[in-house]
Amino acid sequence: MSSPNGPVRVRMAPSPTGSPHVGMIRTALFNWAFARHHGGTFVFRIEDTDKERSTDESLDAILDLMRWLGLDWDEGPGVGGPFAPYRQSERSDLYADALARLKESSFTYDCYCTNDEAAARRKAAGSKVQGYDGFCRELTQEQVDAFVSEGRKPVVRFRMPDGSITWHDLVRGEVSFETEFVPDFALCRANGDPLYTLVNPVDDALMEITHVLRGEDLLSSTPRQIALYEALKEVGIAKATPEFGHLPYVMGEGNKKLSKRDPEAHALAYRDQGYLPEGLLNYLALLGWAIAADRDIFSLEEMVEAFDIADVVANPARFDLKKCDAINTAHMRLLSIEEITHRVLPFLKRDGVVSDPVTDADAQLLELAMPLVGERINKLAEASSMLGFLFVAEDAFEVDPEDAAKQLGEAGAPVLQASYDALAALPTWSTEAIQGALQTALVDGLGLKPRNAFGPVRVAVTGRRISPPLFESMELLGRDRSLGRLQRALG
């Protein structure tokens with residue numbers, strides 16, 4: 001197992017520019033597990049320099065999601081820390097100071113070119129190197145004066161050094177780039193606003209980040225950042241260059257990277273659909289890492305104990321929703337009925353199945369009903385459709401039209417009538433008595449096969465073909481409501 005030298009400090013730095021992506025959560029999980037495994041510090045900061053796209057709504061969604069998942073942070077929003085503030089929009093003075101120091105030491109230069117001019121020069125020269133060609137690296141004062149007289153405002157570009165840049169990637173091993181293929185890059189806009197290319201390394205340097213674990217899509221930017229770190233060390237801002245580890249792509253359908261347009265990508269949807277946080281995290285951990293070759297189900301605590309960044313594979317990981325569902329279901333089965341009830345309650349309130357606060361009568365009914373569905377629901381939100389028939393007022397009770405068409409037609413009428421007659425005659429209303437009466441009336445009396453006998457009754461009483469166990473459900477529903485629904489189904 002690989003062991004870092006000295007204290008570990010890692011960070012998660014999302015941009016609040018839209019719905020949180022499951023790939024972002026996978027990256028956060030690996031950083032969090034790495035920090036917790038090594039007894040290090042997990043820093044959470046917000047990269048909101050994109051003023052046009054960043055929103056408070058997106059930020060709140062990210063924070064809520066991280067809290068729901070239990071990925072707590074040691075420094076960051078709501079927690080504070082020695083390197084506050086942790087929002088880039090509040091750190092402008094630090095970036096201005098970094099720019100000034102870099103300029104004073106000639107690591108940067110002012111660039112007055114437009115993108116069209118740079119593209120035209122590349123085309124004329126037949127160059128295949130994408131990006132800026134360094135035209136403004138050595139401008140004369142006359143050239144600068146001419147650009148200024150035209151009203152041009154410069155961007156600040158970093159001078160990439162000559163040669164090659166090589167690092168040992170914690171996931172991919174040795175990686176090397178020739179800097180002739182890594183053009184000088186902009187550090188701030190013409191209006192002075194700093195860019196991600198500046199603020200990300202400066203923040204990592206000032207916050208003393210030791211390891212940067214991030215997506216493979218950022219691999220090509222690493223040579224630029226390493227070169228900038230060397231400059232930041234020379235001007236007294238950085239103490240060291242962090243180690244990098246680039247995590248594998250999360251792929252969707254058709255060998256394409258899982259994009260924000262794919263419904264599986266939206267992390268908040270899993271919370272809203274009633275996935276367990278431990279189930280979702282367990283599955284996301286498998287996108288590039290495994291606790292053992294023959295084991296898929298594990299807790300977050302077990303992951304922390306076993307996590308080694310050297311075990312992360314470089315190959316792309318395919319997002320498989322069916323496997324995600326199966327992992328979540330496995331975690332559902334590990335919960336007690338009491339715990340499932342506790343977690344289901346917010347969904348029942350959200351869907352209007354029970355009131356908020358819950359009445360004593362509904363709380364008592366829920367306590368009796370949950371054992372009927374605890375082993376049958378695979379996501380917490382499924383409880384609403386499974387239990388709704390028990391809590392709904394009779395004048396609001398509805399039968400699923402498709403299920404009604406299949407079970408409550410002409411063929412179902414004799415079944416419903418026989419059921420009603422048998423149940424109405426019962427002296428006591430219990431699961432055993434209901435089962436015995438329906439068995440006698442439908443299987444023995446009408447000669448129906450057991451698997452076919454109870455379908456019309458189930459749909460008439462619960463409103464759906466799929467429900468909790470029928471006889472127990474009818475006992476909880478009560479004699480009057482059960483008979484009333486049968487009678488209504490008969491017309």
Side-chain angles (χ1 to χ4, degrees), residues 22 25 29 64-72 264 266-286 291 295-304 321-392 397 400 431 458 461-478 481:
V22 291
I25 298 302
L29 171 62
D64 288 347
L65 184 62
M66 292 286 287
R67 293 184 181 114
W68 171 69
L69 292 167
L71 299 180
D72 57 322
E264 301 95 327
H266 297 282
L268 287 169
Y270 295 90
R271 182 191 65 184
D272 297 342
Q273 292 168 23
Y275 285 76
L276 300 177
E278 53 265 51
L280 180 60
L281 288 174
N282 184 162
Y283 177 67
L284 293 179
L286 297 173
I291 196 168
R295 183 180 173 198
D296 280 344
I297 309 301
F298 47 86
S299 68
L300 207 53
E301 292 75 19
E302 289 172 317
M303 180 184 181
V304 167
L321 188 58
K322 289 184 178 178
K323 185 167 185 179
C324 181
D325 287 348
I327 296 288
N328 187 73
T329 297
H331 279 275
M332 288 284 290
R333 300 297 174 258
L334 296 174
L335 299 179
S336 67
I337 290 297
E338 290 75 19
E339 180 63 22
I340 293 177
T341 303
H342 172 71
R343 298 202 195 194
V344 153
L345 198 54
F347 292 90
L348 297 178
K349 291 177 180 179
R350 180 195 73 181
D351 298 334
V353 175
V354 299
S355 59
D356 188 9
V358 183
T359 65
D360 290 342
D362 280 355
Q364 186 176 6
L365 179 58
L366 182 61
E367 185 178 349
L368 296 171
M370 278 306 301
L372 305 183
V373 301
E375 291 291 318
R376 288 172 169 78
I377 58 174
N378 300 322
K379 305 180 187 73
L380 298 172
E382 294 172 357
S384 294
S385 59
M386 290 284 276
L387 295 176
F389 75 96
L390 286 171
F391 295 88
V392 67
F397 174 71
D400 182 88
T431 296
R458 185 183 302 277
V461 170
T462 71
R464 303 168 72 239
R465 286 186 301 120
I466 300 174
S467 75
L470 178 60
F471 313 124
E472 290 88 342
S473 295
M474 293 179 73
E475 178 181 354
L476 291 180
L477 192 62
R481 298 176 75 194

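When all heavy atoms of A363 and V358 are compared, the pair lying nearest together is N-CG1, 3.6 Å. Heavy-atom minimum distance, A369 versus L387: CB-CD2, 3.9 Å. Considering every non-hydrogen atom in both I327 and G279, the closest pair reads CG2-O, 3.5 Å. Heavy atoms only, all atoms of each residue included: C324 and L280 are closest at SG-CD1, 4.2 Å. Residues A381 and D272 come closest through the heavy atom pair CB-O, 4.1 Å. In terms of heavy atoms, D362 sits closest to S355 at OD2-N, 4.5 Å.
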Legend entry - Candidate pair L335 and L276, rule side-chain contact (heavy atoms from CB on, under 4.5 Å), full reasoning: CA-CA 10 Å; L335 299 179; L276 300 177; 3.8 Å; yes

Inset, instruction - For side chain to side chain donor-acceptor pair (under 3.5 Å), just list the numbers for D296 and Y283, CA-CA rounded to whole Å, side-chain angles, deciding distance to a tenth of an Å, and then say yes or no. - result: CA-CA 8 Å; D296 280 344; Y283 177 67; over 6 Å; no

Legend entry - Steps toward side-chain contact (heavy atoms from CB on, under 4.5 Å) verdict (L334, E278): CA-CA 11 Å; L334 296 174; E278 53 265 51; over 6 Å; no

Inset, instruction - List the steps, then state whether side-chain contact (heavy atoms from CB on, under 4.5 Å) holds for L65 with L71. - result: CA-CA 9 Å; L65 184 62; L71 299 180; over 6 Å; no

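Distance alone, capped at 3.5 Å, places no donor-acceptor pair between the Y270 side chain and the P277 backbone. Panel note: side chain R481, backbone L476; no donor-acceptor pair is recorded below 3.5 Å. Checked by atom type and distance alone, the side chain of E339 never pairs as donor or acceptor with a backbone atom of S336 at under 3.5 Å. In terms of modelled atom types and a separation under 3.5 Å, the side chain of R295 and the main chain of I297 share a donor-acceptor contact.
Looking at residues two or more places apart in sequence or on another chain, you find a side chain to side chain contact (heavy atoms under 4.5 Å, CB included) between R333 and T329, E375, N378. When the side chain to side chain donor-acceptor pair (under 3.5 Å) test is applied to N282, the partners found at least two apart in sequence or on another chain are H331.
Here N328 contributes atom CG and L380 contributes atom CG; the two are 7.5 Å apart, rounded to the nearest 0.5 Å. In this structure, L345 CG and R350 CZ are separated by 12.5 Å, a value rounded to the nearest 0.5 Å. Rounding to the nearest 0.5 angstrom, the gap separating the CE atom in M370 from the CD1 atom in I337 is 5.5 Å. Between atom CZ of residue R464 and atom CD1 of residue I466 there is a gap of 6.0 Å, rounded to the nearest 0.5 Å. Rounding to the nearest 0.5 Å places CZ of F298 at 9.5 Å from CG of L281. How far CZ of F389 is from CG of D400: 14.0 Å, rounded to the nearest 0.5 Å.
Enclosure of atom CD in Q364 is not indicated, since only 12 or fewer non-hydrogen atoms of other residues, nucleotides or ligands lie within 6.0 angstrom. Heavy atoms of other residues, nucleotides or ligands lying less than 6.0 angstrom from CD of Q273 number more than 12.
By the 4.5 Å heavy-atom criterion applied to side chains, K379 and D325 are counted as neighbours. Contact of the I377 side chain with the M332 side chain is registered, since non-hydrogen atoms from C-beta on lie closer than 4.5 Å.
Contact check on R376 versus E472 returns no salt bridge, with no Lys/Arg side-chain nitrogen under 4.0 Å from an Asp/Glu carboxylate oxygen.
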